[in-house]
Amino acid sequence: MRFATYEHRHQRRVAVVEEDGTLHPVPGARSLTELIRSGDGLDTLLRAGAAALDVPPVPHVSEVRLLPPLQPPTVRDFVTFEEHVEGVRRSVDGVGGVPEAWYDAPTFYFTNPYAVIGAHDDVPVPPGSDVLDFELEVAAVIGREGRDLAPEQARDHIIGYTVFNDWSARDLQSREMQVRLGPCKGKDTAATLGPYLVTADELEPYRDTDGFLRLALTASVNGEVVGEDLLSNMSWTFEEMAAYASRGTVVRPGDVLGSGTCGNGGCLAELWGVRGEQSPPPLKPGDTVTLTVEGIGTVSNTVVAGRDPEPLPTARRRSRERP
Ligand SMILES: NC(=O)N[C@@H](O)C(=O)O
């Protein structure tokens, strides 16, 4: 089942989306995050969705503004595609190869839940950046609370999947990561989620014998395909990522776990690293990035001019007086 959150005539609603784009509003639901939280995982959500199918369909998806399907309390973004690491490291860190530590565990960083935008919203250039990039990813959404999960348990805690674009200001990111913390301002202006939350049961037919979801991924800029990969090229499954995320802590309903950028053109920086030149060039206002994930859908966002940064001082070199 596919769930959308949308705005229509200043009202926010949650609906089940049929194949032809017909929307069946879920009675009383204004937030998919709340709907997920109020139940106990996938079965409850599917029951709410089945009840919605009895509601007369209004309006059609083409007549509404799609919002991010949910407002996640936390967003973890992993880095699970080896090919992406090989290419991007050269352009962001200036060195080639995959660090040995990458193979140890599915590393992630926490990114900004306030930055989530919908499937067709504009993306402002982050203040002070001249090197904007996209990242083609799939995000799993947690449906049930869990702590110290084993991968076998984690499957019951994933309620569904959505397309994720982790917009990245490569110049800011490259500079701030030299401090050995972050990324921070390089990654916190926009993160597309959408167009829908597709429930986990819908994607089971795509699962391969190693436990990966074999979904085709495509990225294009201004209508030209720049990247193509398979989600099954991840080096950890979403269940393993959820288990790692819950280690020594908790995952809660609505939490988002990004796969990390896919390989073979899942972002421009990977191509720059491989090609040794910025081709295709960094994104600029007017460019439209379209990401399609088989079985989930398409998001398409246009870059617009952002604000100039408010001036801030550089670090003060202090005299280090003591009390
Ligand atoms: N999460 C993810 O894949 N992104 C990073 O690797 C990156 O900034 O390229």
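Worth knowing before you read on, the calculation uses all heavy atoms, side chains too, and leaves out hydrogens, waters and symmetry mates. Remember, it's 1-based here, ligands and their atoms both numbered in the order they're listed.
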How far is atom 5 (C) of ligand 1 from its nearest protein heavy atom, and which residue and atom name does that atom have? His84 NE2, 3.6 Å

re atom 7 (C) of ligand 1, the protein heavy-atom contact at minimum distance is Glu135 OE2, 3.0 Å

Which ligand 1 atoms, with their elements, are less than 4.0 angstrom from a heavy-atom of Asp77? 1 (N)

Give the numbers and elements of all ligand 1 atoms closer than 4.0 Å to a heavy atom of Val88. 9 (O)

Is the shortest side-chain N to carboxylate O distance from [X] to [Y] below 4.0 Å?
X: Glu135; Y: Lys187; answer: yes
X: Lys284; Y: Asp287; answer: yes
X: Arg65; Y: Glu7; answer: yes

Any side-chain heavy-atom pair of Met234 and Met241 under 4.5 Å: yes

Any atom of ligand 1 sitting under 4.0 Å from a heavy atom of Glu270? no

Is Phe78 near ligand 1, meaning one of its heavy atoms is under 4.0 Å from it? yes

Where's the contact between Thr261 and ligand 1, heavy-atom distance under 4.0 Å: side chain, backbone, both or neither? both

Mind jotting down which residue pairs meet the side chain to side chain donor-acceptor pair (under 3.5 Å) criterion with at least one end in residues 198-209? Sequence neighbours excluded, please. Thr199-Asp201, Glu204-Arg207, Arg207-Glu239

Below 3.5 angstrom, do we get any N/O pair linking Arg170 and ligand 1? yes

For the 3.5 Å polar cut-off, considering only N or O atoms, please tell me whether Gln173 and ligand 1 meet it. yes

Partner residues of Arg147 under the salt bridge (Lys or Arg N to Asp or Glu O under 4.0 Å) criterion, sequence neighbours left out: none

Under 6.0 Å between ring centres, would you say that holds for Tyr109 and Phe78? no

